[in-house]
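Dumping the structure here so I can ask a few things about it.
Here is the naming used below: chain letters follow the sequence lines, and residue numbers restart at 1 for every chain.
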Amino acid sequence: MGEYPQLRADPNAVSEALVTIVSEIANGNPDTWEARLSEIAPELIEALSVKKEPDKGLKPLEGAETGKVVMRFAPNPNGPATLGSSRGMVVNSEYVKIYQGKFILRFDDTDPDIKRPMLEAYTWYLDDFKWLGVVPDQVVYASDHFPMYYDYAKKLIEMGKAYVCFCTGGDFKQFKDAKQACPHRDTSPEENLMHWEKMLAGEYEDQQAVLRIKTDIEHKDPALRDWGAFRIRKMSHPRPEIGNKYIVWPLLDFAGAIEDHELGMTHIIRGKDLIDSEKRQGYIYNYFGWTYPKTTHWGRVKIHEFGKFSTSTLRKSIESGEYSGWDDPRLPTIRAIRRRGIRAEALKKFMIEMGVGMTDVSISMESLYAENRKIVDPIANRYFFVWDPVELEIAGMEPSVAKLPLHPTDHARGVREITVGNKVLVCKDDVEKLEVGSILRLKDFCNIEITSLSPLQANHSEVSLEALKKAKAKILHWAPVDGIPVKVRGPEGDIEGIGEHGIAAELDKIVQFERFGFCRIDAVSEENVVAYFAHK
RNA sequence: GCUCCGGUAGUGUAGUCCGGUCAAUCAUUCCGGCCUUUCGAGCCGAAGACUCGGGUUCAAAUCCCGGCCGGAGCACCA
């Protein structure tokens, strides 16, 4: 009826007719349905075989024209990119790709104090983008643009739309909450200009004055009343190019507003904590007669596996040595998951499928791991890694070379060879479930029967495959006694054991340690191998 | 306190703008089975949701009002 409005005239008749028709159809069978359909609506036959596909990927951007979209990702580099930030990196850049627009990476680095930028983090962001396969069309440093900000500030003062306020934070809040103008609000533009020059010249104390944007002091939403645009902080900036050049710092809403206009931004997607920014910045846009970009906001992302964490507390934990660095496998940073062997494609897909919604989401790493597994499973070579190794002696075993497939289905990849004497290593976990008389299979090697638990000994067994299956014999992985020590660093901590020598040839590759999980080989030396655990 | 926003299976999402094709999509997780010389992968199957209450309507996940729950902003942080 949505499609044929004329039917709405008599909905009851339509529904009665439907009942009759449906019961008629129910008496038929699929073949007659299809025959009848080709009579009355042959064009629909094809639709029978088409599965209903949901909309995948990102929804169209409102008002977006191919070739004209300009978007940005604007982090403060006060720490490395996290899984949370990657949403902005992926979604913004992906939209730009769809519309063949321009993507800008802008460092919003104008707070030298509370969220002081970290010099290394600038590079890390660039590096993480490279990993994602995204090349920003332009990289912008807000801290390069102080003169421009000052310029616009001056204009606003001259227009009577901004004033220098000497209230303390608390005093101003009282005025604001009471919808009252503070004593400085009605100062003349000339006088304000003078105060502003003095601010810039360093004639006022740290935090003695702030430049405010005049909005509507009686606005029903207290968040929008006369907001601060510049403050005085007599501090240096971490970038050597900036250093001690400035003491009057623009705040986010001001710097962001100017930047977005100057850079010709057409669309902005960001967290919903910035939802009021648009309204605040809207005043500036109105004063200058600019058009605000189209905005979209998303909710907070929480990850089950990683509790709450803040960049500042994390930094302390790293400095105290609790974590090995910003890429410690226990951390939700991009650097960490990269090191663990999560593929950029998996992260992208994961973020894109999460879409852009205002609801707060609470996600599990499992979904990301599932995406990654699909990518990595076909390419990862298999190896044995025995944790908590225990020696197992096999009586009467002649030294031999075991040949094992590098991949269970892709046989073209060839085999790995392990030289074995009459002893192998097996996991303590497995040993604990054994008893004398247990028959089991050493994977891709031989069948054995346990003859003693302490010391652990076994006889070579000639049971057939069928008998083995019938007995539901365990299949154990194993390692040569002279194997290479392997240390696996993972979200749950470190695990050490012995692996086969072939692992040493897989530096920087992702492999699967059978019955253990996927790992990225992070370091190889004469004495040992360090692997980072990705997921099961 | 003031202002704004949101609520679809365990989790994430599609559908909500513009009511009917929704007996509600897809993915993940969990469970069962098949296959397998990995406890992996794959294949098959099953389970699982419209926050609640009113209203409008022939018809409500969809529109309206109220409640409940959750989040955000009210910084000289971003």
*Could you check whether A/Arg280 gets within reach of a base, just the sugar-phosphate, or nothing at all, counting any heavy atom under 4.0 Å?*
sugar-phosphate
| task | Check whether any side-chain heavy atom of A/Thr187 lies under 4.5 Å from a side-chain heavy atom of A/Val164, and answer yes or no. | result | no
Looking only at B/U13, B/G40, B/C74, the nucleotide nearest the A/Lys176 side chain is B/C74
What nucleic acid atoms does A/Lys374 come within less than 4.0 Å of, heavy atoms only: base, sugar-phosphate, or nothing? sugar-phosphate
When both distances are under 3.5 Å in a Watson-Crick or G-U wobble arrangement, the nucleotide paired with B/C74 is B/G1
note: A/Ile375, atom CD1; B/A41, atom P; distance rounded to Å ~ 15 Å
Rounded to whole Å, OH of A/Tyr369 lies from C1' of B/A27 at a distance of 18 Å
Q. Would one find more than 12 heavy atoms of other residues, nucleotides or ligands at under 6.0 Å from atom CD of A/Glu492?
A. no
Between A/Arg225 and A/Leu251, the residue closer to the 5' end of RNA chain B by nearest nucleotide is A/Arg225
Heavy atoms only, 4.0 Å cut-off, all strands: where does A/Asp444 land among base, sugar-phosphate and nothing?
base
**Request:** Looking at every strand, decide which applies to A/Asp108 at a 4.0 Å heavy-atom threshold: base, sugar-phosphate, or nothing.
**Result:** sugar-phosphate
Whole-Å distance, A/Leu476 CG to B/G40 P, equals 15 Å
*Charged N to carboxylate O under 4.0 angstrom, A/Arg72 versus A/Asp260?*
yes
A/Glu514 atom CD is separated from B/U36 atom C1', nearest whole Å, by 12 Å
- prompt: When we call it a touch if two heavy atoms are under 4.0 Å apart, what does A/Pro408 touch: a base, just sugar-phosphate, or nothing?
  reply: base
Atom CZ of A/Arg270 and atom P of B/G71 are separated, to the nearest Å, by 22 Å
| Between B/C30 and B/G42, how far is it from one P atom to the other, in whole Å? | 13 Å
Checklist entry - Which value, in whole Å, describes the distance between the C1' atoms of nucleotides B/U3 and B/G53? => result 26 Å
Looking across every strand, which nucleic acid part, if any, lies under 4.0 Å from A/Leu252 by heavy atom: base, sugar-phosphate, or nothing? base
Taken to the nearest whole Å, CD/A/Gln207 to C1'/B/A75 is 11 Å
- prompt: Heavy atoms under 4.0 Å, any strand shown: does A/Val210 hit a base, just sugar-phosphate, or nothing?
  reply: base
Look at all strands and tell whether A/Asp221 reaches a base, only sugar-phosphate, or nothing, counting heavy atoms closer than 4.0 Å. base
task = Using the C1' atoms only, state how far B/U36 lies from B/C43, rounded to an integer number of Å.
result = 12 Å
Using a cut-off of 4.0 Å on non-hydrogen atoms, how would the nucleic acid contact of A/Cys446 be classed: base, sugar-phosphate, or nothing? nothing
Problem set entry | Ionic contact status for A/Arg233 with A/Asp111, cut-off 4.0 Å | no
What is the ring orientation for A/Tyr150 with A/Trp196, classed by angle as parallel under 30°, tilted 30 to 60°, or perpendicular over 60°? perpendicular
Problem - C1' atoms of B/U51 and B/G71, separation to the nearest Å - result: 15 Å
Among the nucleotides B/A72, B/G15, B/G12, whichever has the atom closest to the side chain of A/Lys59 is B/G15
Same-atom distance (C1') from B/G10 to B/G73, integer angstrom: 31 Å
Separation between the P atoms of B/A24 and B/C64, rounded to whole Å:
25 Å
Across every strand shown, the nucleotide meeting Watson-Crick or G-U wobble geometry with B/U57 (both distances under 3.5 Å) is none
Taking the inter-plane angle between the rings of A/Phe513 and A/Phe516 on a 0 to 90° scale, is it parallel (under 30°), tilted (30 to 60°) or perpendicular (over 60°)? tilted
* Asked: Across the strands shown, which category fits A/Arg212 at heavy-atom distances under 4.0 angstrom: base, sugar-phosphate, nothing?
  -> sugar-phosphate
field: Side-chain donor/acceptor contact of A/Glu366 with base of B/U11 under 3.5 Å
entry: no
Testing B/A78, B/U38, B/A75 for proximity to the side chain of A/Lys173, the answer is B/A75
By the Watson-Crick or G-U definition, both distances under 3.5 Å, B/C30 is matched with none
When rounded to whole Å, the CE to P distance for the pair A/Met358 and B/U16 reads 17 Å
Under a 3.5 Å limit on both distances, the Watson-Crick or wobble mate of B/A24 is none
| field | Integer angstrom distance from the C1' of B/G48 to that of B/U11 | value | 12 Å
Closest to the 5' end of RNA chain B, once A/Phe518 and A/Ile114 are matched to their nearest nucleotides, is A/Phe518
- Task: Report the relative orientation of the aromatic rings in A/Phe107 and A/Tyr125; use parallel for angles under 30°, tilted for 30 to 60°, perpendicular for over 60°.
- Result: perpendicular
When rounded to whole Å, the OH to P distance for the pair A/Tyr122 and B/A78 reads 12 Å
Handout entry: Distance between P atoms of B/A78 and B/C63 (Å, rounded)
Key = 37 Å
Quick one: label A/Arg373 by what it contacts on the DNA or RNA (base, sugar-phosphate, nothing), any heavy atom closer than 4.0 Å.
sugar-phosphate
Ranking B/G73, B/G12, B/A78 by distance to the side chain of A/Ala223, first place goes to B/G73
### Query
If you look at every strand shown and take non-hydrogen atoms under 4.0 Å, does A/Asp430 touch a base, only sugar-phosphate, or nothing?
base
Answer for the Watson-Crick or wobble partner of B/U51, both distances under 3.5 Å, is B/G67
Check: Looking across every strand, which nucleic acid part, if any, lies under 4.0 Å from A/Lys220 by heavy atom: base, sugar-phosphate, or nothing?
Finding: sugar-phosphate
Could you check whether the rings of A/Tyr246 and A/Phe146 sit parallel, tilted or perpendicular, using 30° and 60° as the cut-offs? parallel
Mind checking if A/Ser277 touches a base, just sugar-phosphate, or nothing, with heavy atoms under 4.0 Å?
nothing
Identify whether the distance between the nearest side-chain nitrogen and carboxylate oxygen of A/Asp444 and A/Lys403 falls below 4.0 Å.
no
